[in-house]
Amino acid sequence: MKQYVGLDVSQKETSVCVVNEAGEVLFEGKAKPDPGALTALLRKRAPQAERIGFETGAMASWLWHELRRVDLPVVCIDARHAHAALSVRMNKSDQNDARGLAELVRVGWYREVKVKSEESQRIRAILSRDPGSWLRFEIRR
């Protein structure tokens, strides 16, 4: 049985919703916004996860890389697209957002965002700290 997961990620906690291919909720809960805690929860509650979706945001890149590292099928969803889809729901809450994200990845109605590589992000961080560092970077290559 295929499972689809929505994660509403925030700094303090992550709301998790797991639905099956018919859209029935199999699990709703919360976890620490830490890849280790999320991996343990997902391996237990969604062992047949087809897709795991969450919105772009401050922690999205880090979380995407860490969950990919342990072979979880994660997709990062464009926050504006997700907001438009989720804003029609009656009750706005983290739990309902997680359920909405699970539905989006279940039906395939989302716009996936390409997450930059860790190396690319590292280079960007170096370059943004020192405007002249791009020249030194090019010379070293």
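Nothing fancy with the numbering, it's 1 onward along the sequence.
- Rounded to the nearest 0.5 Å, atoms NZ (K114) and SG (C76) are 11.5 Å apart.
- Residue L104 holds its CG atom at 5.5 Å from CD1 of I77, rounded to the nearest 0.5 Å.
- When hydrophobic clusters are built by joining Ile, Leu, Val, Met, Phe, Trp and Tyr residues whose side-chain heavy atoms come closer than 4.5 Å, directly or via intermediates, L67 is grouped together with V18.
- Rounding to the nearest 0.5 Å gives a distance of 11.0 Å between CG of L38 and NZ of K32.
- Of all non-hydrogen atoms in V105 and V5, the two that sit nearest each other are CG2-O, 3.7 Å.
- Residue pairs meeting the ring-ring contact (aromatic ring centres under 6.0 Å, His included) criterion with at least one partner in residues 71-116, sequence neighbours excluded, are H81-W109.
- Taking NZ of K30 as the reference point, atom CG of L41 lies at 12.0 Å (rounded to 0.5 Å).
- Across all their heavy atoms, P33 and K12 have their closest contact at CD-O, 3.4 Å.
- Counting only residues at least two apart or in different chains, ring-ring contact (aromatic ring centres under 6.0 Å, His included) contacts with residues 23-68 are absent.
- Here the closest heavy-atom approach between residue P35 and residue T39 is recorded as O-OG1, 2.6 Å.
- Counting heavy atoms from C-beta on, the side chains of V70 and R43 come closer than 4.5 Å.
- Note that SG of C17 and CG of N96 are 9.0 Å apart. Values are rounded to the nearest 0.5 Å.
- In this structure, the side chain of Q3 engages the main chain of Q48 through a donor-acceptor pair within 3.5 Å.
- Between Q95 and S15, the closest heavy-atom pair is N-OG, 3.8 Å.
- Enclosure of atom CZ in R80 is not indicated, since only 12 or fewer non-hydrogen atoms of other residues, nucleotides or ligands lie within 6.0 angstrom.
- Remark: T14 OG1 to M59 CE distance equals 6.0 Å, nearest 0.5 Å.
- Between L101 and L86 the shortest side-chain heavy-atom distance falls below 4.5 Å.
- Residues L7 and L26 fall within the same hydrophobic cluster, defined by Ile, Leu, Val, Met, Phe, Trp and Tyr side chains chained together at heavy-atom separations under 4.5 Å.
- Between N20 and the choices M1, E50, K2, the side chain to side chain contact (heavy atoms under 4.5 Å, CB included) rule is met once, by M1.
- The backbone N or O of Y4 sits nowhere less than 3.5 Å from a side-chain atom of R51 that would complete a donor-acceptor pair.
- The hydrophobic clustering, which links ILVMFWY residues whose side-chain heavy atoms are closer than 4.5 Å, places V75 and V107 together.
- Two residues are said to be in side-chain contact when any heavy atoms from C-beta on lie closer than 4.5 Å; V16 and R45 fail this criterion.
- Annotation: side chain of E55 is not in contact with side chain of V9 (no heavy-atom distance under 4.5 Å).
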